[in-house]
Amino acid sequence: MSTCEFRPKDFKSGVKPVWCPGCGDFGVLNAMTKALSGLSLAPEEVAFISGIGCSARLPAYAAVYGFHGVHGRALPVATGLAVSRPELTVLAMGGDGDGFSIGGNHFLHACRRNANLTYVVMDNAVYGMTKGQASPTTEADWEGSKLTPEGTHIPALRPLELALSAGAGFIARGFSGDPNGLAHLIAQGIEHPGFSFIQVLSPCITYRPEQMEYKKHVHEGFETTSDRRAAFAQLMDDDNFTQGLLYRSDAPPYTPDRAEAADLDRIAGQFALAAGEQ
Amino acid sequence: MSTCEFRPKDFKSGVKPVWCPGCGDFGVLNAMTKALSGLSLAPEEVAFISGIGCSARLPAYAAVYGFHGVHGRALPVATGLAVSRPELTVLAMGGDGDGFSIGGNHFLHACRRNANLTYVVMDNAVYGMTKGQASPTTEADWEGSKLTPEGTHIPALRPLELALSAGAGFIARGFSGDPNGLAHLIAQGIEHPGFSFIQVLSPCITYRPEQMEYKKHVHEGFETTSDRRAAFAQLMDDDNFTQGLLYRSDAPPYTPDRAEAADLDRIAGQFALAAGEQ
Amino acid sequence: MPDGSISLAIMGSGGTGVMTAGQLLLSAAGDAGWYGLMTRSFGPQIRGGEAAALLRLSSRPVEAPPDTYRLVLAFDWSNIERFAAEIPIDASTLVLHDPDAGPLPAPIAGAGPRTAEVALKQMAKGIEGGRVNMIALGVLAALAGLPVEPLEARVHQTLARRGEAAVTSGLRCLEEGREAAATLGETPEPLTAAHTPRWLISGNEATGLGALRGGVRFVAAYPITPATDVLEWLSPQLPRVGGCLVQAEDELASANMCVGASFGGTPSLTATSGPGLALMTETLGLAVASETPMVVVDVMRGGPSTGIPTKSEQGDFDIAVHGLHGDAPHLVVAPNGVTDCINATQWAVSLSEALQTPALVLSDQAMGQGRAIVPEPALRDVDTARRTPSEGEANDYRRYRVTEDGVSPMSLPGMPGGAYTADGLEHGETGTPSSQAAHHQAQLDKRRDKLERHGYGDYWADIEGDGVLAVITWGSITAAAREAVDRLAADGIDVRLISVRLLAPTRPADMARALAGVERALVVEQNHGGQFLAYLRGHYDISAELVAFHRPGPLPMRPGEIVTELRELAKREAA
Amino acid sequence: MPDGSISLAIMGSGGTGVMTAGQLLLSAAGDAGWYGLMTRSFGPQIRGGEAAALLRLSSRPVEAPPDTYRLVLAFDWSNIERFAAEIPIDASTLVLHDPDAGPLPAPIAGAGPRTAEVALKQMAKGIEGGRVNMIALGVLAALAGLPVEPLEARVHQTLARRGEAAVTSGLRCLEEGREAAATLGETPEPLTAAHTPRWLISGNEATGLGALRGGVRFVAAYPITPATDVLEWLSPQLPRVGGCLVQAEDELASANMCVGASFGGTPSLTATSGPGLALMTETLGLAVASETPMVVVDVMRGGPSTGIPTKSEQGDFDIAVHGLHGDAPHLVVAPNGVTDCINATQWAVSLSEALQTPALVLSDQAMGQGRAIVPEPALRDVDTARRTPSEGEANDYRRYRVTEDGVSPMSLPGMPGGAYTADGLEHGETGTPSSQAAHHQAQLDKRRDKLERHGYGDYWADIEGDGVLAVITWGSITAAAREAVDRLAADGIDVRLISVRLLAPTRPADMARALAGVERALVVEQNHGGQFLAYLRGHYDISAELVAFHRPGPLPMRPGEIVTELRELAKREAA
Ligand SMILES: Cc1ncc(C[n+]2csc(CCOP(=O)(O)OP(=O)(O)O)c2C)c(N)n1
Ligand SMILES: Cc1ncc(C[n+]2csc(CCOP(=O)(O)OP(=O)(O)O)c2C)c(N)n1
Ligand code: SF4
Ligand code: SF4
Ligand SMILES: [Mg+2]
Ligand SMILES: [Mg+2]
């Protein structure tokens, strides 16, 4: 960390977060700025892309380029940017609703496509922004939502398993209450060439106050592997609180075909007919 | 099969399919009608729901109730129907593009939700209807599409693995060239209470003529299990041509809360104020 | 402001209990036999940010916001610059403020209101368990002339679950507040109490009730502000009437689940706001083409894009009426008040069922999240019967048969002989896809004709009063327009009010009748572009001169603004 | 039909090579120095269903379909009832048919055409490797008076990769066809050859070329008929100019990928049709609010819903102009011919970049999949430069600064000092979200003003001719309207043609100038509801009387239909 030119606070914008005091997302913001500073990146070389949700407000709180798009579509926006400007450092981020509910399809295909970007999901197992409905990672019997007052009756999604089956090449879990550990995971994710997925347990103290207990539950445990079989095996034993980098593959990142230059006139030339000779 | 009141051909509508001669989907239609007949269902008790694609044209060719909706949305239409009319037999169906590309999110959540319906994907690893582009199950190096003439560079999706990680409770693979085996799988899927997913290898002879070789590649092999670990293990060895029922769980199907009757006046009563007493 | 009405604003930063005070005041006013309306204004924070409760209490039914506030009580001035524009005050306003909160900030002081200090914090400290908001409640209730008993009863009821000490302390606060008010030398407005039955209901609850009454028994839900409460209210009610609610993964799913349930014969609905509606238009087109009934409630918020999620605007007129690809006629119904959300939503369901086409209900944040004390609603009767095939029709069943009125009998899964495949591809009468011109023309004609030939009766619009001047408007701002018309009437200027409830299809003959004799009409709507005005010009033949009056949200449309415009219009006529 | 033009239809069932024959005829006509247009009509089958190649060859540039066909050649009559309406014939038509295919079916015989038998199958059998379509090609080329050399050259070139025997046999077939034609006693139309440079191009290819010329270097793609060929053409071209194409998982992704790439400074585009556009409107609203340039090409097909995917219609006007929620002004550009797809698409890209707002390009199936021999296009110059912050502006950088012309400098990732967060939430000048009325009003005004204040020049519409009568139209049917105007001119009736290219924003002053002196105007469009007409009425102040002429697809709009309407209009004027 001795080479860093920008300190973590140089990556903060000064805009006051709308987050509730105590929200886990503060820790994630800190971890991100720490990671960027540690990688000696300049703020203008970095782009934060998000959808909609409490967590998706994050880009405005960083001093990097940001795009706060529509609900669920952070990944395609980030993909368009990463693919067309490969020299940038692109991070996508948002909540569990944004990423796994409305945005589930893009998550699936981002895992497969393996464009060079890092996706950080601040998972609080609830829709915070809309005042507390069940998300895909919410437990089936959580009765805290007025929309499903007797629970959803649907088992919680397992994001890491999904990412692994969908083909992601970097899969990790962190905790907002451990900004240093999380910063390290994010830095590794950024350095990984291709799509990196980091699920971050990030408590919503307002609608899931019981998540303040997360700090008691989280534990180290993943052994980083590049063998899908071994990764699946670890997930079978996972209690959803295991931390660390689970899986890393060296599949090449997605780079669409680019060839040598032709000029537009040559391209237009294909349509010209030989002049009539009659 | 001796008790059947309707013969397979009673389930055919007489509308001439738009399919190319030799298309695998003919075999799937046959297997479906065979399965329904074998289950002694009456055509009016059955609904076929589809999106858009060659394969999604199937409902009109059956003499059951059908809904040919928009691209990628067969599963939510089927879910709405199955949940609100639980006494019906609901099958959703379509292609790999419809189901795994544009419809990927609904697939994911249908696997989780476990509503009582059967989903048959006619997988030809191509967009047939739009004349031959790569789908999520297309091999990364297939150069047959004008849209990605050097291949997609994206590894093919593994639908069974995805279904398993997303929480599906009935996961099978069949082959359109084996209508009897397929009919049996479909019948089992219908009988399974909850969401049943059947991937059917169904060649597109027009845009993937090499798939005529499928019959040489398919082989039995899945041992039905209700242990997710064992199911994942089998999938690690899968060559994409293994046939049969891989996984069946006995998780209860999704049934939204329904309580005893109240009348509308009683419900409206909650808004009445005590009359002013001043 | 008409007689017999008083407007109050309570504001303070997070955790001070502004909303609780407002709600208690409103319910107590209801119990006292008054009418009233409360809206809320929040800061951007998810929780604990500054907030304001905006009330209007009245002897008569009232749903419009006031022009200015009579009483403003501030616990503190936290982020007042964000709020100030929403709480217009003038020299007649009495601003009550806590000396502890520092000097009056510029946006308040600038209007030159009367002011008085109430040492809320200090008084609260003096009471065991005392709370600022309860003292404020006592002050305001006294200044509004609200009888003591209903307020005490409500406070008692609310605090009871926190134990006796909380109740005692709450009542103590009320009393001290009342006493503090007495020292101010203000005379309360003389509000009279109604002895007729009244309801306390929000527009979103009313929409939910209308849906149930219209026969909706399947709801698919994806949360979005400010529509979520429609869904949350419906969730526990539906099972009680044999229906159910499914939380969907996104709006594409929720709309398509409605299609599926409706195909099965169950009247279906979802509620959303602009961004969600945008995701549903493809499916709405499918419902048009496949002739599947379904209702989508759009509780509008500030746009475009994510816009201003918590504030009201009427910006979705265009997408609601014109947002489907291809020629896709459908129904658009706009409730024009909190109570009307019941009947209008119910009507939308029944029209959708009868005409086998999707119906949109255009509500908005102001009406949807506004909570009002209203006269017990006159509930309309409707029967939501879908036309199913007769026995004769079931032989040779053709789902999309061209009939006299354009509506074809619709068989439901389970009916023998009725099997067909519904299709979003163009089709012939049986439903089999066709790209032939004759089939296309016949089905396009049919889908248009069924909407145009239906008899909608008088409920298509509210038409009130007479005169050569008119206001044409729609939706929640009707209340403000109505109040403006009343004020002009008091000055001897007659203005006709036309509040259009059926936005699509058009009703040319009805509109001509409604406008007979009108020379100039002010077209009032709350959006930037004048979307409704362009629609009236483009789709109706109106001989009266149409004068535009539209502006965007988030500020509520106030009666006084419309009065000013109408006076202009009246003058021009005289000239 | 004007002099110097001949129309031919070739039809037959799957596998008979109808399209190959049509394409060879068209290209050979191009080589011969003629102009021409070919469209295709398919049955519902994915492959091998019946098909028709519809050609018009001419001495002069031609892009409109004919009123009736001069020559119809049928290999067989498979499913003719599905086609008949698309191939109007009359007593002057010569129908060539194979006696082996059985008697003339009713829809053909009913029109009372002249007929002649050509024993195609039998002749083909007589030639080693002989094919029906090559014989037909020989017959038709001879009847059309097409010189032999270019046809033989094209056939040679096409069959060469199948080996020498195929070439020999193909040429033999041509010759026998030619001989058979000679026995019919017909005299070909005397078409003259142009010696000017010409192109052979489809509308969709032209759109792709326009995109590249406009600077597009990122394309996100999800296939949909009839837009896929735009994307497929672009795919191999983009890498050659340093760009790239990404196949997306759906239209939500493709639209948002464009947003992302454009945010990064790369001009971006996607192409789709109605159902896909419906899925993109939420994202288009985001592009409006966040002021991100991007272009969406909508190649329209029959609607609503899945509709008629392979046939043309202009039904997406409404969703294109009004389909976004909230007040969301954006650009809508309609190319009005195959060649114009180049310039209009290029213009749309450059406007979008200059004005930092999304642009829609409304093309349609007829124009997009129509393949034409056109004069070498006069390519317009455009520079697609996005306004970036000057050094001064980069200090105190405010992304959404309100400027004189409404356009704010846009920094790009990588520029030091320019970091900001683009937002679909309403915001102040810096981009920080705000729900304040003043910010909302300022940004709404700015987003409207930048579109209204821009100088679009003459290219906003094509205005031709003079007179008190006018045709107002847009898009692909302009060619038919132009031909109708020409025919009336030949009769001494002057009609002004106004083909509007910039559909949104409106150009009130330009339109007033264009219509100066016009008393009656026929508004021609190819949809059921008259969407453009309502827009003209609603959004323009037009004093001329507007007379509606619209009908849906799938039948192409023919010049003769417009001539009939215009004659009516001219008569009414005289009355
Ligand atoms: C299309 C659309 N649908 C719904 C919404 C409403 N909405 C905003 S945020 C959100 C969910 C937020 O949950 P999550 O992504 O978990 O983020 P959190 O607030 O918990 O951080 C929803 C449903 C929207 N803005 N747009
Ligand atoms: C919203 C939308 N996008 C795109 C299309 C075009 N489209 C029709 S079918 C199809 C893909 C079909 O592929 P698949 O689902 O694999 O079915 P198949 O034809 O191979 O059976 C596409 C992209 C459409 N109809 N609607
Ligand atoms: S509601 Fe929950 S997720 Fe949102 S800011 Fe508050 S604590 Fe964080
Ligand atoms: S294109 Fe392929 S999938 Fe479609 S009908 Fe033909 S063979 Fe079947
Ligand atoms: Mg969340
Ligand atoms: Mg397929």
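Letters go in sequence order (proteins before strands), and every chain restarts at 1. Computed from heavy atoms alone, side chains included, the values below leave out hydrogens, waters and symmetry copies.
Across all non-hydrogen atoms, the minimal contact from C:Gly303 to D:Leu444 is O-CD2, 4.4 Å. Counting all heavy atoms, side chain and backbone alike, C:Gly424 lies closest to D:Ser305 at O-CB, 3.4 Å. Contact record, C:Thr281 with D:Ala278: OG1-O, 3.5 Å, taken as the closest heavy-atom pair. Across all non-hydrogen atoms, the minimal contact from D:Asp316 to C:Gly326 is OD1-N, 3.0 Å. Minimum heavy-atom separation, C:Gln436 to D:Glu81: OE1-O, 3.9 Å.
Heavy-atom pairs under 4.5 Å with chain D were tallied for C:Lys311, C:Arg447, C:His427, C:Arg448; the largest tally goes to C:Arg448. Contact count versus chain D (heavy atoms, under 4.5 Å) is highest, among C:Glu313, C:Met300, C:Glu426, C:Glu282, for C:Glu282. Top candidate by heavy-atom pairs under 4.5 Å with chain C, chosen from D:Ala437, D:Gly285, D:Gly529, D:Gly307, is D:Gly307. Ranked by heavy-atom pairs under 4.5 Å with chain C, the first of D:Gly323, D:Ser273, D:Gly43 is D:Gly323. Chain D forms more heavy-atom pairs under 4.5 Å with one residue of C:Gly276, C:Ala328, C:Ala289, C:Pro552 than with any other, namely C:Pro552. Contacts with chain C were tallied for D:Asp327, D:Leu555, D:Ile319, D:Asp423; D:Asp327 has the most, counting heavy-atom pairs under 4.5 Å. Ranked by heavy-atom pairs under 4.5 Å with chain D, the first of C:Ala320, C:Gly315, C:Pro433 is C:Gly315.
No donor-acceptor pair closer than 3.5 Å links the side chain of D:Arg82 to the backbone N or O of C:Ser435. Between the side chain of D:His325 and the main chain of C:Pro304, no donor-acceptor pair closer than 3.5 Å is present.
Proximity to chain D (any heavy atom under 4.5 Å) is shown, for C:Asp445, by both the backbone and the side chain. Only the side chain of D:His440 comes within less than 4.5 Å of a heavy atom in chain C; its backbone stays farther off. Using a 4.5 Å cut-off between heavy atoms, D:Gln314 makes no contact with chain C at all. Interface residue C:Leu252: only side-chain heavy atoms are found under 4.5 Å from chain D. Residue contact with chain D, scored on non-hydrogen atoms closer than 4.5 Å, involves the backbone of C:Tyr540 exclusively. Within the 4.5 angstrom heavy-atom criterion, only backbone atoms of D:Leu324 (N, CA, C, O) approach chain C. Within the 4.5 angstrom heavy-atom criterion, only backbone atoms of D:Ser434 (N, CA, C, O) approach chain C. Contacts of C:Pro44 with chain D are absent, with no heavy-atom separation under 4.5 Å from either backbone or side chain.
Distance check, rounded to the nearest 0.5 Å: OG1 of C:Thr306 to CG of D:Leu286 gives 6.5 Å. Interatomic distance, C:Leu279 CG to D:Leu279 CG, rounded to the nearest 0.5 Å: 8.0 Å.
You'll find the side chain of D:His528 reaches within 4.5 Å of the side chain of C:Gln441, heavy atoms only.
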